[in-house]
Enquirer: 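Got a structure for you, questions after.
Counting begins at 1 with the first residue of the sequence.
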Amino acid sequence: KVDSGVLRLTRKENYALPCDEKLLFKTVKTAFQQRRKTLRNSLKTFNLSDNLKANVIFGKRPEQLSVEQFIELTQLIENDA
């Protein structure tokens, strides 16, 4: 016997992220390319300042972060540039 169901998904209208969407996707993709490394090591290509890398979030691994934390991380990177 098989049970089945149907899901209907609707996209939110006028939904905007509080950060640069392209930078968010780039940050997440770069972080998960080497997911067993800490963010400090996997995001080296971003050439971040030492003050920013001292933030506690850079000591975590990508799988430990929530979506909200990735948005926060992206905002930190935006402000560092």
Side-chain angles (χ1 to χ4, degrees):
K1 292 185 176 184
V2 177
D3 292 328
S4 63
V6 176
L7 295 176
R8 171 177 264 154
L9 303 175
T10 55
R11 186 177 294 257
K12 286 185 178 183
E13 294 292 325
N14 300 326
Y15 182 76
L17 291 172
C19 65
D20 180 21
E21 189 174 328
K22 287 184 180 184
L23 182 58
L24 173 67
F25 291 144
K26 183 179 178 183
T27 303
V28 172
K29 184 176 180 177
T30 304
F32 277 100
Q33 282 178 343
Q34 300 174 357
R35 72 180 191 95
R36 291 305 301 153
K37 290 190 174 191
T38 61
L39 291 170
R40 185 175 294 111
N41 293 325
S42 62
L43 298 179
K44 279 186 178 180
T45 59
F46 284 84
N47 295 324
L48 304 171
S49 68
D50 290 335
N51 288 340
L52 182 62
K53 288 191 278 188
N55 190 315
V56 72
I57 199 167
F58 285 93
K60 295 185 178 185
R61 292 187 166 89
E63 64 265 14
Q64 295 175 311
L65 270 60
S66 65
V67 174
E68 291 79 19
Q69 288 174 313
F70 267 109
I71 290 172
E72 178 185 332
L73 176 64
T74 304
Q75 290 171 336
L76 289 171
I77 293 170
E78 277 179 327
N79 294 334
D80 188 52

Enquirer: Sequence neighbours left out, cut at 3.5 Å: what donor-acceptor pairs do the side chains of residues 10-32 make with other protein atoms?
Expert:
from	atom 1	to	atom 2	distance (Å)
Thr27	OG1	Leu23	O	2.7
Thr30	OG1	Lys26	O	2.8

Enquirer: Rounded to the nearest 0.5 Å, what's the gap from CZ on Arg36 to CZ on Arg61? Could you check?
Expert: 4.5 Å
Enquirer: Show the atom names and distances, to 0.1 Å, of all donor-acceptor pairs under 3.5 Å that link a side chain in residues 38-60 to residues at least two apart or in another chain.
Expert:
from	atom 1	to	atom 2	distance (Å)
Thr38	OG1	Asn41	ND2	3.4
Arg40	NE	Lys53	O	3.1
Arg40	NH2	Lys53	O	3.1
Ser42	OG	Thr38	O	3.3
Ser49	OG	Leu52	N	3.3
Ser49	OG	Asp80	OD1	2.8
Asn55	OD1	Ile57	N	3.1

